[in-house]
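Inspection log for the structure reproduced underneath, given as structure tokens.
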Amino acid sequence: MELVVQKYGGTSLQTAERMAQAADRIIKETKKGRQVVVVVSAMGSTTDDLTALAGQVTTRPAARELDLLLSTGEQVSCALMAMALQARGIEADALTGSQAGLETDATYGSSIVKSVDPLPIRQRLEEGKVVVVSGFQGCPGGHEVTTLGRGGSDTTAAVLAAALKAARCEIFTDVDGVYTADPGTIKGAQKYEEMDFESLSALAELGASVVHPRAAEAAKSGHIPLVVRSSFTEQEGTTVLPANARTYAFPVIGVTYETGLSHLSIHGSMDMKKLEEEWKETLNPWKAVQHTGGCQYRIIIRDEDVYDTRSFLTRFRGKLACRVSEHATGRALVHVVFKSGEEKQNAEAFLQQLPLPSGVIVQSQPHVWSIDVAENHRVDVCQVLHDYCMKRETDPVSAAN
Ligand code: ASP
Ligand code: MG
């Protein structure tokens with residue numbers, strides 16, 4: 001019997017009505033003779049609301065208790081979805097991440113799934129049940145609760161699909177597939193019917209929020225086709241397959257933006273290589289670094305890492321004689337993601353001449369051309385770059401002029 005994992009995101013479960021629509025879709029799948037495992041996110045903005053609530057109680061909530069709090073969002077969806085299915089005459093069991101056999105490491109707030117015991121789900125499937133699993137959470141042992149980081153329900157779905165050797169993993173969301181840019185803000189964004197995992201990972205890691213990067217990795221290493229589609233339409237969506245599945249026609253994989261970034265200017269004599277090495281061991285990697293002249297560097301990091309980075313640099317000061325001279329929030333990076341470093345080199349000279357509203361070009365990865373802009377300019381900059389890249393495909397000469 002074919003087994004399918006379906007994941008429903010927060011917007012697809014925002015209200016009881018949407019929950020019912022998702023339940024009907026799940027039932028349709030079972031009627032085709034398939035076993036279905038459903039992974040659910042928290043309803044609507046529940047995770048943001050719970051985070052804000054914690055913030056009203058304390059400015060620095062303990063990671064362990066925050067995980068306990070946030071994991072409840074997915075459990076609400078999970079229990080309600082099982083009830084919705086039962087109300088329609090379908091046998092269904094709701095499981096927390098721990099009950100579903102997801103073992104994680106003990107990093108609260110961004111834990112990694114270490115293993116999955118497929119038995120609790122398998123047994124229920126064999127009894128003819130639909131199994132509904134709370135996304136975004138697991139257990140590092142005992143009765144502890146961990147979460148997998150924002151957007152982590154995608155990872156739950158992909159990891160379960162791999163462990164259960166599913167025929168495919170379907171991610172139901174509010175867009176109908178993976179596009180060359182965010183279709184909600186960028187005109188002319190093109191949808192992929194098929195793409196490969198490398199391309200999806202490249203986009204996901206650089207801010208395309210359509211699928212969590214760890215989910216792309218898990219599906220890839222488990223050889224599970226991943227389908228990204230809308231829960232509001234019957235449209236086909238994007239199917240993500242291994243590299244040699246099919247090549248696509250677009251000149252770039254896509255143009256993305258990352259928001260919620262900060263500048264940290266550091267000043268002093270330092271060995272940047274050594275700094276980066278120690279940095280990687282202690283902190284989330286920096287997004288980019290610019291040499292701004294003399295002994296001055298500007299490092300771009302995520303807003304939430306500013307506090308830890310400052311204390312890291314203070315500790316580092318003795319060794320490297322550097323000091324933080326400035327900190328600015330409200331930054332964004334716009335990335336043009338190429339298929340290869342060579343493609344990037346071919347386009348670089350043209351990109352530099354484009355009339356962009358603002359921004360400083362920064363080095364990030366060999367196949368990515370990135371520009372640092374104020375957050376409120378990100379859409380305009382992304383639009384100019386995307387227009388250029390798409391035009392270049394059809395008419396390289398006029399695109400260059
Ligand atoms: N509810 C969590 C979040 O909002 C996990 C998820 O939706 O995947 O980040
Ligand atoms: Mg998501």
Side-chain angles (χ1 to χ4, degrees), residues 5-15 18-19 22 37-55 61 63 66-81 94-98 100 102 104 107-113 132-138 145-161 169-179 182-184 200-201 203-219 226-232 237-238 240 256 258-260 302-304:
V5 175
Q6 292 194 332
K7 181 254 167 177
Y8 290 89
T11 44
S12 311
L13 304 171
Q14 203 150 13
T15 57
R18 287 199 180 161
M19 185 85 69
V37 174
V38 181
V39 174
V40 287
S41 287
M43 294 171 79
S45 61
T46 303
T47 310
D48 288 335
D49 300 344
L50 291 172
T51 308
L53 201 55
L66 192 60
D67 273 11
L68 200 59
L69 177 71
L70 298 187
S71 65
T72 61
E74 270 66 15
Q75 290 177 31
V76 168
S77 297
C78 182
L80 289 174
M81 178 58 85
L95 301 176
T96 64
S98 160
L102 270 107
T104 68
T107 328
Y108 295 101
S110 61
S111 63
I112 290 176
V113 179
V132 190
V133 181
S134 312
F136 174 59
Q137 56 187 262
V145 178
T146 48
T147 68
L148 311 183
R150 297 304 307 262
S153 298
D154 291 349
T155 312
T156 306
V159 162
L160 287 180
C169 176
E170 296 183 333
I171 307 280
F172 284 94
T173 178
D174 49 4
V175 287
D176 61 358
V178 184
Y179 281 74
D182 172 14
L200 178 69
S201 293
L203 294 180
E205 267 156 26
L206 293 165
S209 56
V210 62
V211 176
H212 195 286
R214 281 188 188 159
E217 283 306 313
L226 194 72
V227 182
V228 179
R229 55 187 299 186
S230 165
S231 58
F232 306 127
T238 299
V240 190
T256 62
E258 285 182 277
T259 54
R302 297 192 324 202
D303 289 341
E304 59 263 40

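The model shown is predicted, which means the values in this text are computed figures rather than measured ones. Start at 1 and go down the list; that is how both ligands and their atoms are numbered.
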- Task: Using the side-chain hydrogen bond (donor to acceptor under 3.5 Å, both in side chains) rule, take E217 and S201 through it: C-alpha gap first, then chi angles, then the decisive distance, then the call.
- Result: CA-CA 7 Å; E217 283 306 313; S201 293; 3.3 Å; yes

- Could you walk me through whether I171 and K7 pass the side-chain contact (heavy atoms from CB on, under 4.5 Å) check? CA-CA 5 Å; I171 307 280; K7 181 254 167 177; 4.1 Å; yes

_Is there a side-chain hydrogen bond (donor to acceptor under 3.5 Å, both in side chains) between T146 and D67? Walk through the geometry before answering._
CA-CA 6 Å; T146 48; D67 273 11; 5.4 Å; no

- Given side chains that start at C-beta, do those of V178 and L200 come closer than 4.5 Å, heavy atoms only? yes

Hey, are the side chains of L13 and M19 touching, using non-hydrogen atoms and a 4.5 Å cut-off?
-> yes

Subject >> Flag, side chain of E74 to backbone of S41, donor-acceptor distance under 3.5 Å >> reply: no

Ordered by chain then number, the protein residues lying under 4.0 Å from ligand 1 by heavy atom are S41, A42, T47, E74, F136, R150, G151, G152, S153

